[in-house]
Amino acid sequence: MATVRDTSYELLRALGMTTVFGNPGSTEQPFLQDLPADFRYVHALQEASAVAMADGYAQATRRAAHVNLHTAPGTGNGMGNLVTAWHNRTPLVVTAGQQTRRMLLIEPRLASPRAAELPQPYVKWSHEPTRPQDVPAALMRAYATAVQPPAGPVYLSLPLDDWHQPADPPPQVRTVATRFAPDPDRLREFAGILAGSRDPALVLGAAVDRADGWLAAVALAERLRCPVWSAPAPERAVFPEDHPQFRGVLPFAIGPLAERLHGHDTVLVLGAPVFRYYPHVPGDYLPPGARLLHVTDDPGEAARAPVGDSLLGDARLTAEALYDLLPPTRRSSPPPRPDPPSPEAGAPLSADAFFATLGGLWPADGVLVQESPSNLAALRRHLRVRRPASYFTGASGGLGFGLPAAVGIALAERDTGRGRPVVAVIGDGSFHYSVQALWTAARLRLPLVVLVPVNRQYAVLKAFAAHDRTPGGPGLDLPGMDVTAIAGGYGCATAVAGTPDEIAAAVATGLDADRPTVVPVPIGTEVPALL
Ligand SMILES: Cc1ncc(C[n+]2csc(CCOP(=O)(O)OP(=O)(O)O)c2C)c(N)n1
């Protein structure tokens with residue numbers, strides 16, 4: 001007779017989720033025992049890494065991924081990156097072990113007494129099945145919830161004695177839509193406003209890349225002949241950044257953002273929140289006389305926006321539909337933005353010199369994973385992303401996503417056969433939040449290159465202190481840390497690179513290697529301005 005476990009594996013197989021990211025504990029062992037031969041367990045040494053590896057893998061494969069966590073403490077460890085997965089809109093099916101139902105009443109060790117509440121509010125659905133026989137159907141519902149727009153993580157708490165119970169007949173394997181088209185009447189209104197606009201601007205968000213919408217965005221931008229901005233603090237790149245209409249990334253503060261859009265009468269925001277702000281710089285949300293049109297697949301995001309009129313729809317479908325409705329314009333295209341000045345290669349290198357070097361050697365099909373807070377602007381100045389699905393960072397602002405996400409992305413590049421080179425730029429502070437992901441990358445023999453700008457400080461927090469006039473706080477310096485020794489201890493190759501030539505050699509060698517390479521790059525300690 002089939003067990004709950006047999007039926008659950010059958011369902012996961014049918015849904016294409018045969019990779020399990022996780023860290024095992026006694027509450028998970030009845031699920032994991034005798035893992036079927038067609039399943040693969042990606043072993044992370046801590047749950048934060050398991051969640052972000054699965055996130056990177058899901059984003060790069062454009063499919064839901066499965067993470068298996070240890071009951072309450074494991075869920076707690078994974079929580080920071082679950083917050084990030086929520087903001088990333090990544091479809092993750094998170095299962096967590098739970099103590100045996102036979103003892104839950106008396107709350108034994110490792111019981112999670114309010115398990116379904118624990119990951120809230122950073123999951124779309126959270127549940128502990130009422131009966132063991134409901135586990136497979138709950139997995140089906142979890143999957144359907146995770147992948148439908150707006151996609152995101154879901155959580156199931158699964159008591160360890162459920163797996164060997166006799167199963168009900170298997171649930172139907174169902175398919176669900178992962179995108180939806182906009183309301184045609186409202187779409188025509190939006191097209192009419194854009195067609196009558198004197199000077200429109202297009203602001204694109206990560207949903208464009210998630211929807212594989214670069215071509216549609218370029219066609220729409222060229223039809224409108226307007227400047228194109230990336231929405232602030234984007235977690236994905238959204239447009240070819242060498243395109244003459246591309247203006248860069250909008251600032252993440254209210255007043256400065258509105259200033260940057262000065263003069264436009266219509267601002268079309270496609271696939272982004274309105275807007276992702278960070279430091280509070282008061283001001284008007286929009287420049288005088290501007291009207292905002294917001295396209296999103298998330299009613300919550302539409303409701304939260306402080307200004308603008310919204311239209312619900314998938315970013316790519318909506319861009320394509322708007323293109324079809326818009327007549328050609330007589331406006332001339334804006335002039336291209338100038339190239340950044342070439343920085344001097346001093347010693348130690350400035351962040352600008354480091355990233356100008358990286359931009360110069362960047363492989364055409366390279367994938368960049370970024371978690372380098374104070375250096376972000378310098379990186380984006382010199383390394384222009386030109387292809388879809390090739391720039392990833394966390395949408396939440398929480399550290400500890402980038403390094404494990406890069407491992408998941410590199411694994412996806414191998415599994416899909418695309419084999420694109422993956423390079424992560426991870427600050428020497430950020431490096432430590434999920435550092436154990438390096439061990440998984442080494443075990444999987446992934447040719448991931450991790451560049452670590454070493455400034456021995458939390459520079460962005462110093463920039464914040466200067467901006468907010470809160471100087472003198474503790475804990476902003478990072479002396480006495482040996483990135484090379486740590487990376488070597490997890491089984492990675494290492495090479496310190498202090499000059500452009502050394503960086504070029506380390507990247508070329510690392511991308512050719514059969515294991516990850518960690519490259520500390522000493523850089524200057526100057527603290528860039530926050531805005
Ligand atoms: C989980 C988490 N803890 C703490 C912070 C606060 N924080 C933001 S940036 C930062 C410093 C990052 O340092 P590093 O990676 O060296 O980059 P730098 O600012 O020096 O460029 C810290 C601690 C955070 N964002 N997330």
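Not measured: the values here are computed from a predicted model. Quick note: numbers below take in every heavy atom, side chains included, and nothing from hydrogens, waters or symmetry partners. Whatever order the structure lists them in is the order used to number ligands and atoms, beginning at 1.
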Is there a side-chain contact between Leu250 and Leu261, using heavy atoms and a 4.5 Å cut-off?
yes

Polar contact flag, side-chain donor to acceptor under 3.5 angstrom, Arg236-Gln59:
yes

Per-residue contact class, Tyr433 against ligand 1 - non-hydrogen pairs under 4.0 Å
side chain

Charged N-O contact under 4.0 Å between Arg387 and Asp365
no

Is it the case that ligand 1 has an N or O less than 3.5 angstrom from some N or O of Tyr458?
no

Any idea which protein heavy atom is nearest atom 21 (O) of ligand 1, and the distance to it?
Ser374 OG, 2.5 Å

What protein heavy atom lies closest to atom 24 (C) of ligand 1? Include the residue and the distance to one decimal.
Leu399 CG, 3.6 Å

Is there any N or O on Leu478 that sits under 3.5 Å from an N or O of ligand 1?
no

Taking the side chain as everything from C-beta on, heavy atoms only, tell me whether Thr525 gets closer than 4.5 Å to Arg456.
no

Report, in ascending order of atom number, the atoms of ligand 1 lying under 4.0 Å from any heavy atom of Gly429.
13 (O), 14 (P), 15 (O), 16 (O)

Under 4.0 Å, heavy atoms only, figure out whether ligand 1 is touched by the backbone of Ile426, its side chain, both or neither.
neither

Starting from atom 25 (N) of ligand 1, what is the nearest protein heavy atom, named by residue and atom, and what distance separates them?
Gly397 O, 2.9 Å

Has ligand 1 got any nitrogen or oxygen that is less than 3.5 angstrom from a nitrogen or oxygen of Ser372?
no

Please could you name the atoms of ligand 1 that Gly398 approaches to less than 4.0 Å, counting only its heavy atoms?
26 (N)

Atoms of ligand 1 close to Gln457 [distance to a heavy atom under 4.0 angstrom, numbered from 1]
16 (O), 20 (O)

When every non-hydrogen atom of Ala60 is compared with those of Arg418, the smallest separation belongs to O-NH2, 2.8 Å

Compare all side-chain heavy atoms of Leu349 with those of Thr499 and state whether any distance is below 4.5 angstrom.
no

Thinking salt bridges, do Arg89 and Asp298 make one under a 4.0 Å N-O criterion?
yes

Is there any N or O on Glu371 that sits under 3.5 Å from an N or O of ligand 1?
no

Within 45° cone of Tyr391 ring axis and under 6.0 Å: Arg380 NZ or CZ
yes

So is Pro373 close enough to ligand 1, meaning a heavy atom under 4.0 angstrom away?
yes

Give me the nearest non-hydrogen protein atom to atom 19 (O) of ligand 1 as residue plus atom name, then the distance to 0.1 Å.
Val460 N, 2.8 Å

Taking only Lys NZ, Arg NE, NH1 and NH2, and the carboxylate oxygens of Asp or Glu, determine whether Asp242 and Arg337 approach each other closer than 4.0 Å.
no

